[in-house]
Amino acid sequence: MTVLAVVTVAVWLLAFLIPSGQYDRNGSGAPVEGTYHRVDSGQSFVDRLNDLFLSPVNGLYGIQDEKTSLVAPDNAGSLYGSAGVFLFVLAIGAFITVVFATGALDRGIGRLAHRLRERGALLIAGVMVVFSVLGTVEGFAEETLGFYGLIVPLMLALGYDRMTAVGAIILGAGVGVLCSTVNPFATGVASSAADISLGDGIVLRFAMWIVLTGVTVAYVVRYAKRVRRDPERSLSGFLPGDRDREQAAETGAAPELTRLHKAVLIATALVFAFMIFSVVPWSSALTGKADATPYGFELGWSFPQLAALFLCAAVLVGLVARMGEQQLSSTIIQGAADFVSPALVILLARGVTTIMNNSKITDTVLHSIEGIVKGTSSGLFAVIVFLVNLPLAFLIPSTSGHATLAMPILAPLADFAGVSRAVVVTAWQAASGWMNLWVPTTAVTIGGVALAKVGYDKYLRFVWPLLAVLAVLICGFVALGAVLT
């Protein structure tokens, strides 16, 4: 929260120095190349001070006016804030706390840890590959926030630390999104904005996914093995009680599961499986068409429905476990209370982007990128597209929003450089995905470390060597792709 407070103030101050400007928009709301012009933000110092003051509120339930694009809590328009994700996190907290209160999850994790005590690396790799597949196919990212309550205790029981769980979840799903192949929310939106097919460039993206996923899994597994051999080398350290889970897994027989425990565990597994099923855009993922007509069985759920799902599931589990009304109510309330901290972190991160939006400086940053990439060689052009999109990804954590803004400008530039537009899409999504592995303005990263109770500074120390390796590999892939086209 302190990091985000500093970032919020820093971005607010920078908004005084960066000129306000905007592009003309076409009918779909995308900027038109060559139309950038300076504008007056129309904000007085008092208005800007009000934006800073209200940034957490706007980050929760700010409404974006359809005509002026300004975000404010009392506007009429579309929701800009993160109220959906905020309630989703609280609902996850309620559900996980109820499940733990039954004793089923502790025993289940203990039993699994006992059986896998010699094959923990295989479990880490399996979790990361599954998350990476979901990331590359449908942009599985914010949904991972629901898995910390399961994976953190499991990793601790296997003798690893909380950072191992953070790495497996954030980096597993994140590298999949970074190398999106048919992800309709990233590749689909960007390809449509670039006026190319979703399948264009898929061979390059698939090769990137194979290599970068392998490197990322190896990095996390290597760290995990090092911590298990020597717990003193843990970057996150251990909280009171963390090491007790490992000792319980290594000593004695595997804990027994009663019929009640099995019923609760089955219900928990079904809830998470249903969550994944409900959010996957199956028609787009299976056909490769971003605008494919949804199948009849698709639900198309998002955070409001997922929050309701986990609240209902918490009540269901409580009834299955024969909790009394008073115990179930108090457990749900306590679970939501325990998760307020990461939920607040998420809305603070969103509040930063509202300041950028209201001061009208995002298009100015985009225009500066347009000027940098013109007139370069094909290989260098692709690398520069990756590099110049990094700061824009910080300002616009939403991949679909980033694509809508940047692609109509960058895609035509590829024609002048003699580079396939698909390479531009690949370089853009790699920049967006790479930044979202660590920037504090994303709910996935800042909310994840908060849920795992790992310091953000410690996470940066853990992840920066991998970020450097991934950046070099990305530049190599996009440069090669540009040269070959």
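Since the structure is predicted, the reported quantities are computational estimates derived from the model, not experimental observations.
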Answer yes if the side chains of [X] and [Y] hold a donor-acceptor pair under 3.5 Å, and no otherwise.
X	Y	value
Thr164	Asp161	yes
Ser234	Tyr160	no
Ser283	Glu298	yes
Gln43	Ser359	no

Expected output: side-chain [X] to main-chain [Y] donor-acceptor under 3.5 Å:
X	Y	value
Ser278	Leu299	no
Thr354	Gly351	yes
Thr136	Ser132	no
Arg350	Tyr80	yes
Gln334	Thr97	no
Gln64	Val71	no
Thr144	Ala141	yes
Asn357	Thr353	no

- Scan Asp47, Asn358, Ile63 and name whichever one has a side chain to side chain contact (heavy atoms under 4.5 Å, CB included) with Leu70. Asn358
Straight-line distance of [X] [atom1] to [Y] [atom2], nearest 0.5 Å:
X	Y	atom1	atom2	result
Asn389	Gln429	CG	CD	11.0 Å
Thr445	Asn436	OG1	CG	6.5 Å
Asp74	Asp65	CG	CG	10.5 Å
Trp434	Phe386	CH2	CZ	6.0 Å
Gln22	Asp24	CD	CG	7.5 Å
Trp209	Leu178	CH2	CG	13.0 Å

- Trace of the side-chain contact (heavy atoms from CB on, under 4.5 Å) decision for Met128 with Thr213: CA-CA 8 Å; Met128 294 186 69; Thr213 298; over 6 Å; no
Validation row: [X], [Y] side chains within 4.5 angstrom (heavy atoms):
X	Y	value
Val352	Ile355	no
Thr268	Phe95	yes
Leu171	Phe131	no
Val449	Val166	yes
Val315	Ile332	yes
Ile92	Phe147	no
Arg48	Ser41	yes

Indicate the atoms forming the closest heavy-atom contact of [X] with [Y], along with that distance.
X	Y	answer
Gly135	Ser180	O-OG, 4.0 Å
Pro19	Ile361	O-CG2, 4.0 Å
Val424	Phe381	CG2-CE2, 3.6 Å
Met208	Ala430	CE-CB, 4.3 Å
Val98	Ala314	CG1-O, 3.5 Å
Thr187	Val425	CG2-CG1, 4.3 Å

- Task: Step through the shown structure and confirm whether more than 12 heavy atoms of other residues, nucleotides or ligands are within 6.0 Å of CZ on Phe16.
- Result: yes
- Given side-chain contact (heavy atoms from CB on, under 4.5 Å), test Leu52 with Thr8 step by step and report yes or no. CA-CA 8 Å; Leu52 177 63; Thr8 301; 3.7 Å; yes
- The ring-ring contact (aromatic ring centres under 6.0 Å, His included) partner of Trp301 among Phe88, Phe274, Phe310, Phe277 is Phe274
Check: residues 452-479 side-chain donor-acceptor pairs under 3.5 Å, at least two apart:
| from | atom 1 | to | atom 2 | distance (Å) |
| --- | --- | --- | --- | --- |
| Tyr456 | OH | Trp438 | O | 2.5 |
| Tyr459 | OH | Leu437 | O | 2.6 |

- Check the angle between the aromatic planes of Trp282 and Phe297 and answer parallel, tilted or perpendicular using the 30° and 60° thresholds. tilted
